[in-house]
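Following: one structure in structure tokens, then a few remarks.
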Number of protein chains: 2
Amino acid sequence: MQGNTAMLRTTEIFSISKDVSVRCTNCNLRELCLPESLSPDEVLRLNGLVSARRRLKKGEALQRAGEPFKSLYAVRSGSFKTCIATEDGRDQVTGFKMSGEIIGLDGIGTNTHIIDVVALEDSEVCAIPFTRFEEASREMAGLQKQFHRIMSREIVGEQGVMVLLGSMRAEERVATFLLNLSRRFRARGYSPTEFNLRMTREEIGSYLGLKLETVSRVMSRFHELELIQIKQKHVLILDPQRLKDIASSATSSV
Amino acid sequence: MQGNTAMLRTTEIFSISKDVSVRCTNCNLRELCLPESLSPDEVLRLNGLVSARRRLKKGEALQRAGEPFKSLYAVRSGSFKTCIATEDGRDQVTGFKMSGEIIGLDGIGTNTHIIDVVALEDSEVCAIPFTRFEEASREMAGLQKQFHRIMSREIVGEQGVMVLLGSMRAEERVATFLLNLSRRFRARGYSPTEFNLRMTREEIGSYLGLKLETVSRVMSRFHELELIQIKQKHVLILDPQRLKDIASSATSSV
DNA sequence: CGCTCTCTTGAACAGAATCAAGAACGGTGG
DNA sequence: CCACCGTTCTTGATTCTGTTCAAGAGAGCG
């Protein structure tokens, strides 16, 4: 379970992994990333596409809006925020990317990146030159299918955020956000109930359409209610079920 | 400028079109739809993929969440709303689709549709069986590229909606919405300043994350300010520039 | 050790939601 | 052609959620 590994010794970062060899073939993000459901020889071929591994320091940008689109990136380790800046000075976080997730899909449509992607911590990505990738996916039905799936899921995921932003109240938004993180940590083999937030309250607020004070207040309230324990960036989920109830309390109806 | 035309005499619906022959090759949505930027022989081939034309009455569903995903649809005429219903009874409009736009991308990821798509007026679509489409796009680089572009633009478009929902005030949202419609009507050869809304205030509100009363109030205010003239579904845009100013008034900053 | 950035908490305020009533429209059938 | 019905839209009064403004406490870093 990991990004694209291209010549990366997995043990360099994750002591979990026993297998020390390199690239997609042995990447422990295989099940979450592009190789998901590819045949072994397809993975091998995909492997050859990964042009480079790139390390980023916290705060560094992987891509900036306006830059020409060349490559997709698979997050190998660490995490990123994706932000969109409108002409009128608005700047909003539109997502958070964790290991195994694909970055850069925004650039395909116009050959220019639309969003900024910034590392939330020291991170590493696998770069996949898109022209070569398109070629390969014309020759490998499995890779093509997997790529279509990934884009489709991105679309569906964003619709979920639209529902959150369009119809949820602050508590529902924050609960949904925490549960979403929890699920993604679990999928990566980490504890779903105890983790550290990589982003600030302001970034969470921007993503959830709330002010940072509101995020802080809601979290404090959840703490008082003993749904979670939170101290700065450290989160402990105490009562996932009640959180779920809050996340889908469906005030509206009819 | 039109959806996929598959064996449709364009004059049946649009008296504008002089050329009476059929399918993508002569569809007047060519520039907006899948054929955009394809070579003539690629268009011909795409043409063969369109399995059927389907007519829908106002209120009829083109697809329902939960149904198996088989085909993409290109809107030939009319318009649709896309809605997502969550388990907890929330139901939200996530988009409006006009002629030339592609519907069904949500189903690719899981082979099951996630969203409902309902006709806002009597409409017509071209169905494109996806398996055959994937095959064809492996053989035609141009079609593959175009499809990737369409999905990417869908992703970028949704991010735009996320910004709207996450950081705009009611007036900004409604102004943005009206300008968006205006732009899309213009792209289809209709007047960008005078058109009829196909959706109710409630549907607009659902899409914009507002209540129908708020939508109504904001529109009335725009009318008073002489930015628009609005009577029920009929809209006349009087001052596009001031509307644009409102749409990007960037209250926040820093 | 001091500085800055981040987070928490309180009090006052504002924008949109809610509740409510009535008007306008569109379709139907007499 | 007109009367009736349900749906959609408008408008007002009130309420409430989240924002804004403000101050102080913690944490992390050089």
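Quick note on labels: first sequence line is chain A, next is B, and so on, each numbered from 1.
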How many Å lie between [atom1] on [X] and [atom2] on [N], as a whole number?
X	N	atom1	atom2	value
A:Glu202	C:dT8	CD	P	13 Å
B:Ile230	C:dC25	CD1	P	13 Å
A:Leu197	C:dC7	CG	P	9 Å
A:Arg221	C:dT9	CZ	C1'	12 Å
A:Ile246	D:dT17	CD1	C1'	16 Å
A:Arg201	C:dC5	CZ	C1'	13 Å
A:Met168	C:dA17	CE	P	16 Å
B:Glu172	C:dG15	CD	P	11 Å

[X] near the nucleic acid: base, sugar-phosphate alone, or nothing, with a heavy-atom cut-off under 4.0 Å?
X	answer
B:Thr200	sugar-phosphate
A:Thr214	base
B:Gly209	sugar-phosphate
B:Leu212	base

Is A:Lys211 close enough to D:dT20 that one of its side-chain N or O atoms is under 4.0 Å from OP1 or OP2 there? yes
Given C:dT9, is OP1 or OP2 found less than 4.0 Å from the side-chain N or O atoms of A:Ser216? no
Going through the distances and angles, do B:Arg188 and B:Glu101 end up as a salt bridge (Lys or Arg N to Asp or Glu O under 4.0 Å)? CA-CA 11 Å; B:Arg188 284 159 184 76; B:Glu101 295 174 336; 3.4 Å; yes
Give a yes or no on whether a salt bridge exists between A:Glu87 and B:Lys244, defined as a side-chain N under 4.0 angstrom from a carboxylate O. no
Between [Y] and [X], is there a side-chain donor-acceptor contact under 3.5 Å, judged purely by atom types and distance?
X	Y	result
B:Glu67	B:His113	no
A:Asn196	A:Gln232	no
B:Arg55	B:Ser123	no

Quick one: salt bridge (Lys or Arg N to Asp or Glu O under 4.0 Å) partners of A:Arg54, sequence neighbours excluded? none
Using a 3.5 Å distance criterion without hydrogens, assess whether the side chain of B:Glu158 forms a donor-acceptor pair with backbone atoms of B:Ile155. no
Could you list, one pair per line, each protein nitrogen or oxygen that sits under 3.5 Å from a nitrogen or oxygen of nucleotides 21-27 of chain D, together with the distance?
unit_1 : atom_1 : unit_2   : atom_2 : d
D:dC21 : N4     : A:Glu213 : OE2    : 3.4
D:dA27 : OP1    : A:Lys231 : NZ     : 3.1

Identify the residue among B:Arg198, B:Lys58, B:Lys97, B:Lys81 that makes a salt bridge (Lys or Arg N to Asp or Glu O under 4.0 Å) with B:Glu121. B:Arg198
To check you understand the geometry: which heavy-atom pair defines the closest contact between B:Phe96 and B:Leu120, and what is its length? CD2-CD1, 3.8 Å
Between the opening five pairs and the closing five pairs of the helix from C:dC1-D:dG30 to C:dG30-D:dC1, how far apart are the helix axes, to 10°? 50°
